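Small disclaimer: the values here were computed from a predicted structure and weren't measured.
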Amino acid sequence: MGLIRFKFENPPKYVIACILCSANGLLFGMDTGIIGPVTDMKDFKISFGSQSSTIHGLIVSCILIPAALSSFFAGYVADRLGRPKGICIGVFIFGVGAAIEAGSVALSMFIVGRVIEGLGEGLFLGNLVVLICEISPTSTRGALTTGPQLAITLGLVMGYFISYGTSRLGSSLSWRMPFILLAAFSMILCGISLVYLPESPQWLGLHGHYEMAEQAWDKLGVSHAEREKVVLQVRAQEVDSNTPNVKDGTMNKLLAIFSKDVLGRTILAVFLMGMQQMSGIDGVLYYAPQLFQNAGLASSEASFLASGVSALVIFAVTIPGLIYADKWGRRGSIIYGGLIMGVLMFLMGSLYAGNAVHKTTGAGRWVVIVCIYLFSAFYSVTWGISVKVYAAEIQPQRTRASATTLAHSSNWVCNFLVALTTPVLLAKSSFGAYFLFGGCCMITVVVGVIFMHETKGRTFGEIDEAFKGRSPGSKNRFRRGVSEA
């Protein structure tokens, strides 16, 4: 039950630290909630002129490729400077980008602001999960590591309603104000995080500061029974001839994620994070108004349902996902969630392919609308939480930051592809996009059944042994259950 056990009147310091770290996820969610409504505002079009659908898509998605590029190096930055500093640098750059957008006097300046925002986003977003993983006790790691996803969904709601409120200002301030607030929140969170976020005991141990690592565990309030055995993990890695130490060069550190003993886990994390986007979730979030209109709803009604209600639904269902993350497990959540999402996508595609969706009559359009909501809900409570947690948990200590942020690069790239291709696919075929996304969900289910070990309740050492095939629960290569305590 994870967080339910905590006493709110006196929560452990690691809980407070995880909440503060997660709060930075608000920024990504707010930007996602803001950019769609803002670029559709009348005053935005007055400032920069009406844009073609292609240019509009590029304005929305130009943040993603810079995020993918900076995410590739985010792990190295966090390994060198520490997790909190790596996060704060990214949040600061993100805030600068938002400020440039707020003050833009030309469309090119606005796009430059989004590119800078993307560079910052790639640096901090992946490291949020890494830090929380490394400061949490094993029994509540799953629940605590879902915090950034909950903050992202809350930011999505905030972004939409902030934009809805400012849209009535009747000047360029209507589209500037959301970015002014986003920049202000970024700088506030950057300052608070820099002062109060604790360093990871895992990072301290990786740099040989074993006593400081134990002191860090004590300050966080994690019991001796539940804290990771930093000294044993680091010394075990030091005897591995394939393990580069912290003094190795930049390229060696980056290439360590491709060493023989961790390559499989790197590939699995990159695949899962890519497929998280290829499920079609951002196609639904970015283009939900178009999807609802295709199903027969009026334009104004579609915009409200897609932007406001969808954001609230996604936020609401993420809460039970957070509470029960350590009860459901990562492997089962990804497999069964992918199965349900794939079925929903195939159902919608089949209805369109069979010409059963009519804009004025019939039940087909309402089935599609319900399926869109169900897909968003099941994604948020399963893949939206478990994939990011799992991608970080399965990595050994020395490559966790680099491998996790590389996986986030895969996520950004696939996000960009989905954002650009979804409107094209919808224009060419009413059902093609649904079958593509449904197929990606099913492929992920197959990969999960064959290659995933359950990580729920395991220490990092036990997870490492499971992937090396030496744990008691993994003598059979295809047995993926949780090891006995």
Side-chain angles (χ1 to χ4, degrees), residues 2-3 5-7 10-24 74-91 124 126-148 189-238 243 245-247 253 326 389 392-393 395-405 457-464:
L3 294 177
R5 293 199 299 265
F6 299 146
K7 295 181 179 180
N10 188 26
K13 288 186 178 179
Y14 67 81
V15 175
I16 298 174
C18 289
I19 292 173
L20 173 57
C21 185
S22 298
N24 290 282
Y76 175 76
V77 173
D79 281 338
R80 292 285 294 182
L81 302 179
R83 313 308 194 214
K85 289 181 181 177
I87 291 169
C88 291
I89 289 171
V91 170
F124 81 80
N127 281 318
L128 299 181
V129 177
V130 172
L131 178 59
I132 295 174
C133 265
E134 293 184 344
I135 65 175
S136 305
T138 56
S139 62
T140 56
R141 185 192 300 139
L144 291 170
T145 317
T146 61
L189 283 172
C190 177
I192 295 174
S193 298
L194 188 62
V195 174
Y196 292 108
L197 270 186
E199 187 53 81
S200 160
Q202 303 282 330
W203 183 85
L204 292 169
L206 192 64
H207 286 71
H209 306 306
Y210 303 123
E211 290 185 7
M212 292 177 65
E214 293 302 316
Q215 292 170 5
W217 280 127
D218 292 336
K219 290 180 181 179
L220 288 167
V222 178
S223 68
H224 286 272
E226 290 199 292
R227 64 180 62 174
E228 297 288 347
K229 305 302 186 290
V230 174
V231 176
L232 296 179
Q233 288 186 50
V234 174
R235 288 179 179 171
Q237 291 172 9
E238 287 174 348
T243 302
N245 61 50
V246 294
K247 296 181 180 179
K253 288 289 294 179
D326 279 316
V389 176
E393 278 185 324
Q395 309 304 329
Q397 182 177 333
R398 74 179 191 275
T399 62
R400 183 170 298 119
S402 297
T404 302
T405 51
R458 286 181 167 180
T459 65
F460 289 131
E462 291 170 340
I463 294 170
D464 193 46

**Student:** Ignoring hydrogens, what is the shortest heavy-atom contact between Ala213 and Gly205? Give both atom names and the distance.
**Tutor:**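 Smallest heavy-atom distance, with atoms named: CB-N, 4.1 Å.
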**Student:** What's the shortest heavy-atom distance between Met212 and Leu204, and which atoms?
**Tutor:**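 Scanning both residues, the minimum pair turns out to be O-CD1, 3.7 Å.
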**Student:** Heavy atoms only: give me the nearest Glu199-Leu81 pair and the separation to one decimal.
**Tutor:**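 Smallest heavy-atom distance, with atoms named: OE1-O, 4.4 Å.
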**Student:** With sequence neighbours excluded, what pairs up with Ile16 under the side chain to side chain contact (heavy atoms under 4.5 Å, CB included) test?
**Tutor:** Pro11
**Student:** Only counting residues at least two apart or in another chain, list the ones meeting side chain to side chain contact (heavy atoms under 4.5 Å, CB included) with Leu189.
**Tutor:**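 For Leu189 the side chain to side chain contact (heavy atoms under 4.5 Å, CB included) partners, ignoring immediate neighbours, are Ala23, Asn24, Leu27.
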**Student:** Walk me through whether Cys133 and Phe460 qualify under side chain to side chain contact (heavy atoms under 4.5 Å, CB included).
**Tutor:** CA-CA 10 Å; Cys133 265; Phe460 289 131; 4.1 Å; yes
**Student:** Do Gln395 side-chain atoms and Ala392 backbone N/O form a donor-acceptor pair below 3.5 Å?
**Tutor:**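 Absent.
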**Student:** Indicate the atoms forming the closest heavy-atom contact of Ile87 with Phe124, along with that distance.
**Tutor:** O-CB, 3.4 Å
**Student:** For Ile135, does its backbone N or O pair with a side-chain atom of Gln202 as donor and acceptor, under 3.5 Å?
**Tutor:**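 No, the answer is negative, given that no donor and acceptor are paired below the 3.5 Å cut-off.
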**Student:** So which heavy atom on Ala216 is nearest to which on Pro201, and how close?
**Tutor:**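 Distance-wise, the nearest heavy atoms are CB-CG, 3.9 Å.
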**Student:** Verify, without hydrogens or angle tests, whether Trp203 (side chain) and Ala78 (backbone) share a donor-acceptor contact under 3.5 angstrom.
**Tutor:** yes
**Student:** Within the distance-only criterion (no hydrogens, no angle test), does the side chain of Thr405 pair as donor or acceptor with the backbone N or O of Ser402 below 3.5 angstrom?
**Tutor:** yes
**Student:** Any side-chain to backbone donor/acceptor pair from Arg458 onto Glu393? Under 3.5 Å, distance only.
**Tutor:**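 Checked: no pair found.
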**Student:** So how far is it from Ile132 CD1 to Cys18 SG, rounded to the nearest 0.5 Å?
**Tutor:** 5.0 Å
**Student:** Could you walk me through whether Tyr14 and Lys219 pass the side chain to side chain contact (heavy atoms under 4.5 Å, CB included) check?
**Tutor:** CA-CA 8 Å; Tyr14 67 81; Lys219 290 180 181 179; over 6 Å; no
**Student:** Would you say the side chain of Leu20 lies within less than 4.5 Å of the side chain of Ser193, judging by non-hydrogen atoms?
**Tutor:**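 Sidechains of Leu20 and Ser193: in contact.
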**Student:** Kindly say whether Ala143 contributes a backbone atom to a donor-acceptor pair with the side chain of Thr140 at under 3.5 angstrom?
**Tutor:** no
**Student:** Which heavy-atom pair separates Arg83 from Ser200 by the least distance, and what is that distance?
**Tutor:** CG-CB, 3.9 Å
**Student:** Take Ile19 and Leu144 through the side chain to side chain contact (heavy atoms under 4.5 Å, CB included) test and state the conclusion after the steps.
**Tutor:** CA-CA 8 Å; Ile19 292 173; Leu144 291 170; over 6 Å; no
